[in-house]
2 protein chains.
Amino acid sequence: MVVEEPALVLQFVKALAHESRLRLLGLLAAREHSVQQLAALLSLKEPTVSHHLSLLREAGLVRMRQDGNTHWYNLELRTVSRLGRTLGMREQLETFASGQANLAGLDRTVRNYLTAEGRLKAFPATRKKRRPILVWLVRQFEDGRRYSEAEVNALIERRHHDRETFRRELVGYRMLARESGVYWRMPEADWAP
Amino acid sequence: MVVEEPALVLQFVKALAHESRLRLLGLLAAREHSVQQLAALLSLKEPTVSHHLSLLREAGLVRMRQDGNTHWYNLELRTVSRLGRTLGMREQLETFASGQANLAGLDRTVRNYLTAEGRLKAFPATRKKRRPILVWLVRQFEDGRRYSEAEVNALIERRHHDRETFRRELVGYRMLARESGVYWRMPEADWAP
DNA sequence: TGTCTAATTAGATAGATATCGAATTATCTT
DNA sequence: AAGATAATTCGATATCTATCTAATTAGACA
């Protein structure tokens, strides 16, 4: 089992730490719902629900699919489960102690490009430095899972605001593959040197 | 695996949803600490740490042992683990949908005595009604685990403010046993009729 | 293109909670 | 008993966040 970044776990528990958002997850656990439906079921206004859903989405706990101008929200049970389980591991809890990103054991190049919070300071100019950064970045993606473009962007934005550049580079290095709007992580053997 | 009360799960995730409290758990995951030590390690004042610890304690995630006037705090890894794992169960998530306590399948007497939030409205006057309430209450305690009086009080107070009465009755009905300040749940066979 | 619908975003306000210094409590020491 | 120490409780303030209405965006459809 993998140890998660403290910042991600904090984002996870903050996303859950409100009755309305737990209820949203509860409703989505049964079936997908539109924003209107959710607002009616919780007796809240649509902007409020939209706000809660955006927190859940940024934490990766729900995903959205659009049909016309209706947005259908679904539970990402695997992510909830993975992050929930990690809370029970002493090893994981220990990573919280410092309040910093878990930089130990990282490639030296990568460490130099990360802030204490684990975000990228810049996009590296030389190919030699770029590759290890992208390797580190693509490992944020689960193997064998399909991502929408919005999900790819959300994952990248946790590390750097320039989602377009990094997304393009990940595809260019054949670390991410893309077909008809769906992305997935490629096997390491295929990554460009 | 058991499904937890929605209110308990909410209390759990709220207790985790702050960087300082995650860091506290991280420090306690390695070894026990006093309040002073924790305050120094987090660069916070003691009252602040005390406040955070009380939230963690009420959620059952840490326990305290006193030596002189030093309070030593320990992680309750089992509780963290149990509640973390339950988040990954669809069945558990579905109980969040209503925003109400999970009253289905409860004894009729008990249900009549509970508010929508799952708290006891009153202490039942007749022995006939009292027993099922106490049975329900003692089942909030884990089997085979030892509780300090403060922990017993905290658990009871989640259900009713009058911790003294209910604690006395639980012991009187031989549902809880007590020896030198430590409490534990008795086997059901021993409970008084 | 204009209109309708669903959702999001912006901006304002009310409510919750994190933090601190001061006061209090509990325990130990002499 | 008196003073010292560790922690908690209290009360005030500052920060954060949940919620709403109003404005805006994006898609469907005629």
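Only heavy atoms go into these numbers, but all of them, side chains included; no hydrogens, no water, no symmetry mates. Just so we're on the same page: letters track the sequence lines, and every chain starts at 1.
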Visitor: Side chains of A:Tyr173 and A:Arg168: any donor to acceptor distance under 3.5 Å?
Guide: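 No - no donor-acceptor pair under 3.5 Å links their side chains.
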Visitor: Once the angle between the rings of B:Phe166 and B:Phe123 is folded into 0 to 90°, is it parallel (under 30°), tilted (30 to 60°) or perpendicular (over 60°)?
Guide: perpendicular
Visitor: Determine yes or no for a side-chain-to-main-chain donor-acceptor pair under 3.5 angstrom, with B:Gln92 supplying the side chain and B:Met89 the backbone.
Guide: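 Between the backbone of B:Met89 and the side chain of B:Gln92 there is no qualifying donor-acceptor contact (under 3.5 Å).
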Visitor: Determine whether a donor-acceptor pair (N or O, by modelled atom type, separation under 3.5 Å) exists between the side chain of B:Arg178 and the backbone of B:Tyr183.
Guide: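 Between the backbone of B:Tyr183 and the side chain of B:Arg178 there is no qualifying donor-acceptor contact (under 3.5 Å).
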Visitor: Heavy atom of residues 32-40 of chain B under 4.0 Å from DNA chain D: which residues?
Guide: B:Ser34, B:Val35, B:Gln36
Visitor: Is the closest basic N to carboxylate O distance between A:Arg131 and A:Glu169 below 4.0 Å?
Guide: no
Visitor: Between the protein and nucleotides 26-30 of chain C, list every N/O to N/O distance that falls short of 3.5 Å.
Guide:
| unit_1 | atom_1 | unit_2 | atom_2 | d |
| --- | --- | --- | --- | --- |
| C:dT27 | O2 | B:Asn69 | ND2 | 3.0 |

Visitor: For A:Ala39, check side-chain contact (heavy atoms from CB on, under 4.5 Å) against everything at least two apart and list the hits.
Guide: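 A:Ala39 satisfies side-chain contact (heavy atoms from CB on, under 4.5 Å) with A:Glu46, A:Val49 once adjacent residues are dropped.
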Visitor: Name every residue in residues 44-54 of chain B that has at least one heavy atom under 4.0 Å from any atom of DNA chain D, in order of residue number, or write none if there are no such residues.
Guide: B:Glu46, B:Pro47, B:Ser50
Visitor: For C:dT8, does either OP1 or OP2 sit under 4.0 Å from a side-chain N or O belonging to A:Tyr73?
Guide: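 Looking at the OP1 and OP2 atoms of C:dT8, one of them is under 4.0 Å from a side-chain N or O of A:Tyr73.
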Visitor: Residues of residues 12-29 of chain A with any non-hydrogen atom less than 4.0 angstrom from an atom of DNA chain C: list those, numerically ordered, please.
Guide: none
Visitor: List for me each residue that meets side-chain contact (heavy atoms from CB on, under 4.5 Å) alongside B:Asn74, sequence neighbours excluded, and say none if there are none.
Guide: B:Glu32, B:Arg63
Visitor: Using a strict 4.0 Å threshold on nitrogen-to-oxygen distance, state whether B:Glu188 and B:Arg139 make a salt bridge.
Guide: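 Looking at B:Arg139 together with B:Glu188, the answer is yes, because their closest N to O distance falls below 4.0 Å.
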